[in-house]
Amino acid sequence: MDKRTITQIITTVITNINLNGFLSGNIYKGSTKKLCVPGLNCYSCPGAMGSCPIGSLQAVIGTIKYNMSLYVLGFISLFGIIGGRFVCGWLCPFGLIQDLLYKIPLKKIKINKTVNNTFRYLKYIILILFVIVFPMFLTNEFGISPPYFCEYICPVGALEGGIPLVSLNKPLRNAVGLLFSWKIFILVLIVILSILIYRPFCRYICPLGAFYSFFNKISFYKYEVDESNCINCGACEKKCKMDIAILKNTNNPECIRCGECIKACPNKCLQNKLNI
């Protein structure tokens with residue numbers, strides 16, 4: 001097991017260490033729930049010790065009292081400034097789940113470059129509309145809006161929150177309806193795609209990944225190429241599962257800092273550096 005996988009597992013366990021929640025079927029509501037975790041992790045997961053930054057951002061935007069959460073924006077911006085999408089590659093629980101699913105030995109699908117480059121913009125549309133615009137403007141008579149992304153799209157909520165809570169609470173099982181079925185459908189679709197395509201949720205849907213991607217070029221932690229020793233063999237780009245033209249755009253917004261390109265370079269021309 002490599003260092004990145006171990007880090008992902010440790011982060012996932014720490015993020016969801018409330019074992020009593022899984023036994024009782026209750027959501028932890030202690031003091032740490034006031035804090036956000038860096039990766040995408042459902043607030044309603046019985047084991048969750050912190051809040052999801054995307055869920056928190058929607059919750060605050062979608063109230064009559066606030067238009068924007070400076071705390072949540074500041075928190076995720078701090079992680080973005082430090083590492084960009086390093087969070088996606090190393091600290092996100094749902095990123096770990098997708099990585100494990102992709103290890104299932106079935107024939108993989110190679111996405112056409114044009115299709116991949118087009119669909120990757122979908123996550124930015126989701127960020128703008130479902131996380132910011134809809135919660136801000138589509139409110140009820142009390143000035144409150146539902147968390148649109150969490151409620152209608154996010155498969156993490158279905159996996160970490162919906163399924164455990166419904167399984168452990170009979171009243172909830174009797175109350176499930178069309179919306180729950182819709183979320184399960186999205187979850188199943190993402191699971192199947194994650195077996196065949198590397199990280200489809202991160203590529204095309206995740207609004208948190210979209211937010212962190214804005215920082216990839218300016219973050220303290222970034223990749224650098226020693227062009228004097230580079231022989232343009234293309235080994236780094238062949239190894240990249242996110243299909244990035246690494247030598248043309250080393251700190252591409254789609255890069256999740258997994259480090260596979262660095263391992264593949266025969267001349268050790270690629271390096272990761274923390275410039276502070």
Engineer: Given 3.5 Å as the limit, does a donor-acceptor pair link the side chain of Glu224 with the main chain of Lys273, or not?
Structural biologist: no
Engineer: Which atom names give the shortest non-hydrogen contact between Gly55 and Cys150, and what distance separates them?
Structural biologist: CA-SG, 3.8 Å
Engineer: Counting N and O atoms only, with roles assigned by atom type, does the side chain of Asn251 sit under 3.5 Å from a partner on the main chain of Tyr223, one being a donor and the other an acceptor?
Structural biologist: yes
Engineer: So, using salt bridge (Lys or Arg N to Asp or Glu O under 4.0 Å) as the criterion, who are the partners of Lys3 when residues are at least two apart?
Structural biologist: none
Engineer: Say whether, by atom type as modelled, one donor and one acceptor occur between the side chain of Lys183 and the main chain of Cys154 under 3.5 angstrom.
Structural biologist: yes
Engineer: Judged by atom type as modelled, is there a donor-acceptor pair below 3.5 Å linking the side chain of Arg203 to the main-chain atoms of Asn116?
Structural biologist: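 Answer holds: no.
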Engineer: Under a plain distance cut-off of 3.5 Å, with no hydrogens placed, do Arg257 and Ser219 share a side-chain donor-acceptor pair?
Structural biologist: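 Short answer, yes.
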Engineer: Using the rule that Ile, Leu, Val, Met, Phe, Trp and Tyr join whenever any side-chain heavy atoms are under 4.5 Å apart, tell me whether Phe94 and Met49 fall into a single cluster.
Structural biologist: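 Different hydrophobic clusters.
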Engineer: Starting from the C-alpha separation in whole Å, work towards a yes-or-no answer on side-chain contact (heavy atoms from CB on, under 4.5 Å) for Thr250 and Leu270.
Structural biologist: CA-CA 9 Å; Thr250 308; Leu270 272 167; 4.1 Å; yes
Engineer: Using only heavy-atom distances, determine whether the side chains of Asp99 and Gln8 contain a donor-acceptor pair under 3.5 Å.
Structural biologist: yes
Engineer: Is it the case that the side chain of Ser56 and the backbone of Pro53 share a donor-acceptor pair, with hydrogens and angles ignored and the cut-off at 3.5 Å?
Structural biologist: no
Engineer: Show your reasoning for whether side-chain contact (heavy atoms from CB on, under 4.5 Å) applies to Ile81 and Phe220.
Structural biologist: CA-CA 6 Å; Ile81 290 170; Phe220 295 141; 3.8 Å; yes
Engineer: Under 3.5 Å, side chain of Asn267 to main-chain N/O of Cys269, donor-acceptor pair present?
Structural biologist: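 No, because the side chain of Asn267 does not come within donor-acceptor range (under 3.5 Å) of the backbone of Cys269.
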Engineer: Do we get Lys33 above Tyr28's six-membered ring, with its NZ or CZ under 6.0 Å from the centre and within 45° of the axis?
Structural biologist: no
Engineer: Tell me whether the NZ or CZ atom of Lys108 lies within the 45° cone about the ring axis of Tyr102 and under 6.0 Å from its centre.
Structural biologist: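 Yes; both conditions hold, so Lys108 lies above the ring face of Tyr102.
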Engineer: Output yes when Lys123 and Glu254 qualify as a salt bridge under the 4.0 Å nitrogen-oxygen rule, no when they do not.
Structural biologist: yes
Engineer: Would Cys36 and Val72 count as a side-chain contact (heavy atoms from CB on, under 4.5 Å) here? Give the steps.
Structural biologist: CA-CA 7 Å; Cys36 291; Val72 179; 4.2 Å; yes
Engineer: Say whether, by atom type as modelled, one donor and one acceptor occur between the side chain of Arg199 and the main chain of Cys88 under 3.5 angstrom.
Structural biologist: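 Yes, the answer is positive, given that a donor and an acceptor are paired below the 3.5 Å cut-off.
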Engineer: Does the plane of the ring in Phe211 sit parallel, tilted or perpendicular to the ring in Phe215? Use 30° and 60° as the thresholds.
Structural biologist: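 Rings of Phe211 and Phe215: tilted, 30 to 60°.
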Engineer: Other residues, nucleotides and ligands only: do more than 12 of their heavy atoms fall within 6.0 Å of NZ on Lys34?
Structural biologist: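 Count not over threshold, so no.
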Engineer: In sequence, state the C-alpha distance, the side-chain angles, and the governing distance for Phe214 and Tyr124, and then conclude on ring-ring contact (aromatic ring centres under 6.0 Å, His included).
Structural biologist: CA-CA 10 Å; Phe214 295 131; Tyr124 298 99; 5.6 Å; yes
Engineer: Look at the side-chain heavy atoms of Ile, Leu, Val, Met, Phe, Trp and Tyr, link any pair under 4.5 Å apart, and say whether Tyr43 and Ile14 land in one connected group.
Structural biologist: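 Each belongs to a different hydrophobic cluster.
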Engineer: List for me each residue that meets salt bridge (Lys or Arg N to Asp or Glu O under 4.0 Å) alongside Lys110, sequence neighbours excluded, and say none if there are none.
Structural biologist: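 Per chain and number, Lys110 pairs via salt bridge (Lys or Arg N to Asp or Glu O under 4.0 Å) with Asp243.
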Engineer: Examine Ile9 and Val156 and state if one hydrophobic cluster contains both, with Ile, Leu, Val, Met, Phe, Trp and Tyr joined whenever side-chain heavy atoms are less than 4.5 Å apart.
Structural biologist: no
Engineer: Show the numbers, then the answer: is there a salt bridge (Lys or Arg N to Asp or Glu O under 4.0 Å) between Glu260 and Lys241?
Structural biologist: CA-CA 8 Å; Glu260 293 300 316; Lys241 295 177 182 176; 5.8 Å; no
Engineer: Apply side-chain contact (heavy atoms from CB on, under 4.5 Å) to residues Cys92 and Leu40 and explain how you reach the verdict.
Structural biologist: CA-CA 6 Å; Cys92 181; Leu40 204 67; 4.0 Å; yes
Engineer: The criterion is salt bridge (Lys or Arg N to Asp or Glu O under 4.0 Å); which residues satisfy it with Lys222, sequence neighbours excluded?
Structural biologist: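 For Lys222 there are no salt bridge (Lys or Arg N to Asp or Glu O under 4.0 Å) partners, ignoring immediate neighbours.
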